[in-house]
Amino acid sequence: MDAQVVTEAPKKRRTVAQAARDAARNYVPKAASYSCFKTDVFPSVGKPVLGPWRHNLTTDTASGYTNRRDFQSKAMGNGPSSAFATAKAAAVATTTITATTLTAATGFPTAGQGLAGCVVAVYGLANNSFVYGTILSNTATVLTVDQWYDATSTSGAAGTTPTTSGGSSTTGIAYMILPGQNPAAWLALSADATAPTAADTTLTSELATNGFSRLVGTYAHTAAATTYTLSKLFTCSGGSTTINTEGVFGASTAASGVMPFKSAEPSPPTLVSGDTLTQTITITIN
Amino acid sequence: MRFAIHVKGYYEWVPCPPDVKPTKADIDSGRVKPSANSDKYDMRVPLKGETVTEGGISEDDIIGKMIHAYCDHGKQGKILTRKEAIAEVLGTHVMPNHAHRKDFKHVEIHDDGPNEAAFRAQIAPYLAADHARAPGKCIDAEDFDELLAAYMEPCDSAGHVAHLHAHFRVKAKAAPPAPPAAPEGSK
């Protein structure tokens with residue numbers, strides 16, 4: 001009798017829905033930190049075009065303070081161990097302030113990335129203005145911020161620059177530099193079609209008009225889940241704009257702040273006045 | 001505005017097993033997303049469990065939703081009130097990424113109310129810009145007062161909670177009554 005070859009029956013493929021039900025019964029978290037983005041376009045006439053989730057490029061350049069890994073490390077781990085003597089100062093004559101700088105006596109740390117990304121809270125006695133700024137860079141004596149924020153604004157609106165009595169910014173300014181980092185909560189768009197790379201530090205030709213300016217995203221996180229989301233609505237208010245790239249930022253002003261994620265739109269949409277684009281970012285932090 | 005939506009189930013993402021090949025429909029629907037290695041996929045998994053989705057809605061997204069609703073459908077769209085815009089933002093753009101509506105248990109809201117100056121500043125460009133797909137401006141000047149009134153319609157945090165419970169069809173149970181105070185002198 002010839003030997004019989006026993007072949008195993010091919011495994012039946014499960015569908016995504018079946019596999020998801022099985023995974024829900026045996027859930028094992030996956031370790032990784034990365035981002036995806038989703039672009040939905042709502043033309044003011046016609047059907048919405050709902051985009052799929054796409055991988056969001058994580059920046060990793062080693063020069064300067066712009067990439068996701070540095071931001072995340074500092075935000076999660078850089079606490080009181082990095083404190084320094086000039087982290088706070090009461091109101092003194094030598095502290096001066098402008099719309100984007102605070103100048104104090106020497107002593108701010110400058111090694112490595114210095115104080116980039118930290119938050120500085122400032123109080124001005126004369127006009128009772130209490131604001132905070134994101135430090136973009138610093139020297140030994142000067143902190144450069146993106147703006148002075150109104151801490152009560154959910155849109156990250158600018159507050160009033162603190163001043164002193166007599167309109168002279170030489171007395172009555174107190175400040176405190178906090179540990180940690182200002183969150184990367186702003187979403188921005190560009191019409192530039194250059195392919196992004198992980199070494200990028202800015203969004204080239206970032207849009208700042210026609211309803212597409214950088215804005216703070218709506219944030220959400222489910223307790224104990226591995227992701228959080230940022231989302232934003234942009235409605236075109238003029239012209240015709242093709243959206244080619246998007247980015248996530250840690251400061252309010254264009255071309256500034258840490259940029260942890262950036263991507264190209266695979267099917268760049270063109271929006272005209274009245275059309276709406278929504279950008280949703282999901283970041284996995286497991 | 002800050003929100004907290006208490007849920008009895010929520011979404012997580014796990015790697016697609018080797019025997020599962022996502023289809024174009026899976027990708028287009030958002031049931032899967034690229035993994036950390038972009039040549040693989042994670043799939044969305046509904047988990048059971050008591051938890052809470054918390055977050056903050058920026059005021060310009062609330063106003064932006066009102067702008068979008070007005071400009072939509074060739075300006076045959078709707079004038080939403082601020083509380084309706086908040087419900088739309090949560091229901092359309094935020095919560096679908098976190099939990100299914102059927103798992104909502106109850107909502108908590110902290111809201112400081114509308115910001116008229118911010119509304120006027122954000123609306124201004126749309127009063128000036130021509131709508132590309134319908135006659136007239138993106139927002140017609142004669143509709144501005146109605147839009148402003150809709151935005152400024154009073155609604156406290158409790159009012160938002162009631163509206164969101166109705167919008168999401170949440171049958172939130174009332175908090176149990178406080179126990180009566182023990183009589184004086186009782187042990």
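All values below were derived from every heavy atom in this structure, side-chain atoms included, with hydrogens, water molecules and symmetry-related copies excluded. Here is the naming used below: chain letters follow the sequence lines, and residue numbers restart at 1 for every chain.
Scanning all heavy atoms of the two residues, the minimum distance from B/Pro46 to A/Ala24 falls at O-CB, 3.6 Å. B/Gly64 and A/Thr235 make their closest contact through O-OG1, 4.3 Å (heavy atoms, listed as atom of the first residue, atom of the second, distance). Scanning all heavy atoms of the two residues, the minimum distance from B/His131 to A/Gly274 falls at NE2-CA, 4.0 Å. For the residue pair A/Cys236 and B/Cys138, the shortest heavy atom distance occurs at O-SG, 4.4 Å. Annotation for B/Thr53 and A/Ala220: closest pair CG2-CB, 4.3 Å, computed over non-hydrogen atoms. Among all heavy-atom pairs drawn from B/Tyr126 and A/Ser237, the shortest one is CE2-CB, 3.4 Å.
No donor-acceptor distance shorter than 3.5 angstrom exists from the side chain of A/Ser155 to the backbone of B/Ser58, with no hydrogens or angles considered. Side-chain atoms of A/Ser273 come within 3.5 Å of backbone N or O of B/Asp130 as a donor-acceptor pair. Looking only at distances, a side-chain donor or acceptor of B/Glu12 sits under 3.5 Å from a matching main-chain atom of A/Thr226.
Only the backbone of B/Met1 comes within less than 4.5 Å of a heavy atom of chain A; no side-chain atom from C-beta onward does. Heavy atoms closer than 4.5 Å to chain B are found nowhere in A/Asn56, neither backbone nor side chain. Both the backbone and the side chain of B/Lys21 come within contact range of chain A, with heavy atoms under 4.5 Å apart. Proximity to chain A (any heavy atom under 4.5 Å) is shown, for B/Lys65, by both the backbone and the side chain. Only the backbone of B/Arg44 comes within contact range of chain A, with heavy atoms under 4.5 Å apart. At a 4.5 Å heavy-atom cutoff, the contact between A/Leu233 and chain B is made by backbone and side-chain atoms alike. Heavy atoms of A/Thr58 lying under 4.5 Å from chain B are absent altogether. Neither the backbone nor the side chain of B/Tyr70 comes within contact range of chain A; no heavy atom of the residue lies under 4.5 Å from a heavy atom of that chain.
Of the residues considered (B/Val45, B/Asp60, B/Thr51), B/Asp60 shows the highest number of contacts with chain A, using heavy-atom pairs under 4.5 Å. Ranked by heavy-atom pairs under 4.5 Å with chain A, the list B/Asp28, B/Val52, B/Val94 is led by B/Val52. Listed options B/Leu90, B/Thr23, B/Leu47, B/Ile62 were ranked by heavy-atom pairs under 4.5 angstrom with chain A; first place goes to B/Leu47. Chosen from B/Gly77, B/Gly56, B/Pro125, the residue pairing most often with chain A at heavy-atom distances under 4.5 Å is B/Gly56. Most heavy-atom pairs under 4.5 Å with chain A: of the set B/Ala4, B/Cys71, B/Ala128, this distinction falls to B/Cys71. By number of non-hydrogen pairs under 4.5 angstrom with chain B, the leading residue of A/Gly239, A/Gly217, A/Ser231, A/Ala157 is A/Ser231.
If you check the side chains of A/Tyr228 and B/Asn97, you find no donor sitting under 3.5 Å from an acceptor. With hydrogens and angles left out, the side-chain atoms of B/His98 and A/Thr229 include a donor and acceptor closer than 3.5 Å.
A salt bridge links B/Asp19 and A/Arg14; the closest N-O separation between the charged side-chain nitrogens and carboxylate oxygens is under 4.0 Å.
Put simply, the side chain of B/Lys24 does not reach to within 4.5 Å of the side chain of A/Pro52, judged on heavy atoms. Using a 4.5 Å cut-off on side-chain heavy atoms (C-beta onward), A/Val272 and B/Arg133 make contact. A heavy-atom distance below 4.5 Å is found between the side chains of B/Asp61 and A/Lys232. At a threshold of 4.5 Å between non-hydrogen side-chain atoms, the residues A/Trp53 and B/Trp13 count as touching. Side-chain atoms of A/Thr282 and B/Lys33, non-hydrogen and from C-beta on, do get closer than 4.5 Å to each other.
Of the candidates A/Val216, A/Thr154, A/Thr218, A/Thr154 is the only one forming a side-chain contact (heavy atoms from CB on, under 4.5 Å) with B/Glu59.
Residue-environment remark: NE2 (B/His73) stays at or below the threshold of 12 foreign heavy atoms within 6.0 Å. Heavy atoms of other residues, nucleotides or ligands lying less than 6.0 angstrom from CD of B/Glu146 number 12 at most. More than 12 heavy atoms of other shown residues, nucleotides or ligands fall within 6.0 angstrom of atom CZ in B/Arg101.
Of the inter-residue distances, the one linking B/Lys48 atom NZ with A/Arg25 atom CZ reads 12.5 Å to the nearest 0.5 angstrom.
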